[in-house]
2 protein chains.
Amino acid sequence: MELTELSDILKILGHPLRLKVLLLLKKNGEMCVCELLSLLNVTQPNLSQHLSVMRLSGLIGGTKDGNTVKYKLANNEFLHKVLEVVEKFSEVEVKTRWKN
Amino acid sequence: MELTELSDILKILGHPLRLKVLLLLKKNGEMCVCELLSLLNVTQPNLSQHLSVMRLSGLIGGTKDGNTVKYKLANNEFLHKVLEVVEKFSEVEVKTRWKN
DNA sequence: TGACCATATTCGAAATTGCTTATATACTTA
DNA sequence: TAAGTATATAAGCAATTTCGAATATGGTCA
């Protein structure tokens, strides 16, 4: 991978909300927007815009399931490795998926 | 470390010039600005500004040696781990220090 | 001292980012 | 079909980033 490609990815990780979403997706495998929305303290359009950024850059993929959209991490080894490092250094307890 | 602290660091890595500088410092241990300047295709103020950003955020440290300033990576384990991942995925041949 | 280095800082303009509010789309269900 | 739900998109604006040009600082050496 080219250096600019790597720095582009790191730049996307360089926002706390996006980083948190990626960690949640890594931990939970697949989540719909409403689940993310219930865990993160942001407005729906704001979250949607960040998801859009990550989708367009290929870091996440979304599949429509009826009325909802489920997102998961893309198959990007660099992304996964960096997220592993982040997990290791993060004290923040990334909440698991809400279960009823 | 808090998530915002981690994303702040990743944000700084999310610029190709800064990333390249950090990789060079990691590889070469210590370099003066003029060496960096000779390897990177940027103006001196531009490089200096980026160095300033990295210095202020604690990712690098500089020591004055007569007329020149030598920079090296700070002792930041998270930074080192991420850079290792970047190195692993980077096809770009990071040039070693210029020798005469 | 005065003329050079190497590096840093300042300033201003252009581009980008991040957010809010409003609206659109698309699917579901009554 | 109409109303509701989930998600996306658009428009506008403030804040931030990035860079170039100009200038400042501080050390060296003749």
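Order of the sequence lines fixes the chain letters, A, B, ..., with proteins taken first and strands second; residue numbering starts at 1 for each chain.
- Whole-Å rounding puts the Asp8(A) CG to dT16(C) P distance at 13 Å.
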(request) Any chance you could list the contact pattern along nucleotides 23-30 of chain D? Use B for base contacts, S for sugar-phosphate-only contacts and - for none, protein heavy atoms under 4.0 Å, 5' to 3'. (result) ---BSS--
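- With rounding to the nearest 0.5 angstrom, the OG atom of Ser48(A) is 9.5 Å from the CG atom of Leu37(A).
- Two residues are said to be in side-chain contact when any heavy atoms from C-beta on lie closer than 4.5 Å; Val69(B) and Leu51(B) fail this criterion.
- With a 4.5 Å cut-off on side-chain heavy atoms, Leu40(A) and Leu47(A) count as touching.
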Determine all donor-acceptor pairs shorter than 3.5 Å in which one atom belongs to a side chain in residues 52-65 of chain A; sequence neighbours excluded.
{"from": "Arg55(A)", "atom 1": "NE", "to": "Tyr71(A)", "atom 2": "OH", "distance (Å)": "3.1"}
{"from": "Ser57(A)", "atom 1": "OG", "to": "Val53(A)", "atom 2": "O", "distance (Å)": "3.1"}
{"from": "Ser57(A)", "atom 1": "OG", "to": "Met54(A)", "atom 2": "O", "distance (Å)": "3.2"}

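- At the heavy-atom level, Lys70(B) lies nowhere under 4.0 Å from the strands shown.
- Residue contacts shown for Thr43(B) are limited to sugar-phosphate atoms, with no base heavy atom under 4.0 Å away.
- Among the nucleotides dA8(D), dT20(C), dA8(C), the one closest to the side chain of Ser48(B) is dA8(C).
- Between Tyr71(A) and dA6(D) there is no side-chain N or O to OP1 or OP2 distance below 4.0 Å.
- Note that OG1 of Thr68(A) is 8.5 Å distant from CD of Glu35(A), once rounded to the nearest 0.5 Å.
- Between His15(A) and the phosphate of dC19(C), there is a side-chain N or O to OP1/OP2 separation shorter than 4.0 Å.
- Lys11(B) NZ to Arg18(B) CZ: the interatomic distance, rounded to the nearest 0.5 Å, is 9.0 Å.
- Residues meeting the side-chain contact (heavy atoms from CB on, under 4.5 Å) test with Asp8(B), sequence neighbours left out: none.
- Rounded to a whole Å, the CG atom of Leu47(A) is 14 Å from the P atom of dG18(C).
- Between Val21(B) and Leu17(B) there is a side-chain heavy-atom pair separated by less than 4.5 Å.
- Among the heavy atoms of the strands lying under 4.0 Å from Thr68(B) are primed sugar atoms or P, OP1, OP2 only; no base atom is included.
- The phosphate of dC19(C) has OP1 or OP2 within less than 4.0 Å of a side-chain N or O from His50(A).
- Within the 4.5 Å cutoff, side-chain heavy atoms of Thr4(A) are placed close to those of Pro16(B).
- Summarising the geometry, the separation between CG on Asn41(B) and C1' on dG20(D) is reported as 14 Å, rounded to the nearest angstrom.
- Residues from residues 51-59 of chain A lying near DNA chain C, meaning a heavy-atom separation below 4.0 Å, are absent.
- By the 4.5 Å heavy-atom criterion applied to side chains, Glu30(B) and Leu25(B) are not counted as neighbours.
- Close to dT17(C), at under 4.0 Å from its OP1 or OP2, lies a side-chain N or O of Lys11(A).
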Could you list the donor-acceptor pairs under 3.5 angstrom formed between side-chain atoms of residues 76-87 of chain A and any protein atom two or more places apart in sequence or on another chain?
{"from": "Asn76(A)", "atom 1": "OD1", "to": "Phe78(A)", "atom 2": "N", "distance (Å)": "3.1"}
{"from": "Asn76(A)", "atom 1": "OD1", "to": "Leu79(A)", "atom 2": "N", "distance (Å)": "3.0"}
{"from": "His80(A)", "atom 1": "NE2", "to": "Ala74(A)", "atom 2": "O", "distance (Å)": "3.3"}
{"from": "Glu87(A)", "atom 1": "OE1", "to": "Lys26(A)", "atom 2": "NZ", "distance (Å)": "3.2"}

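- Note that the two end axes of the helix from dT1(C)-dA30(D) to dA30(C)-dT1(D) enclose an angle of 10°, each drawn from 5 base pairs, rounded to 10 degrees.
- Distance CD (Gln49(A)) to P (dA22(C)): 15 Å, rounded to an integer number of Å.
- By the side chain to side chain donor-acceptor pair (under 3.5 Å) test, His15(B) is found to be paired with no residue, residues two or more places apart in sequence or in another chain being considered.
- Both Leu17(A) and Leu37(B) lie close to DNA chain C; mapped to their nearest nucleotides by heavy-atom distance, the more 5′-ward contact belongs to Leu37(B).
- Picking from dA8(C), dA21(D), dA8(D) the nucleotide with the shortest atom distance to the side chain of Val33(A) gives dA8(D).
- Rounded to whole Å, atom P of dA6(C) lies 18 Å from atom CG of Asn46(B).
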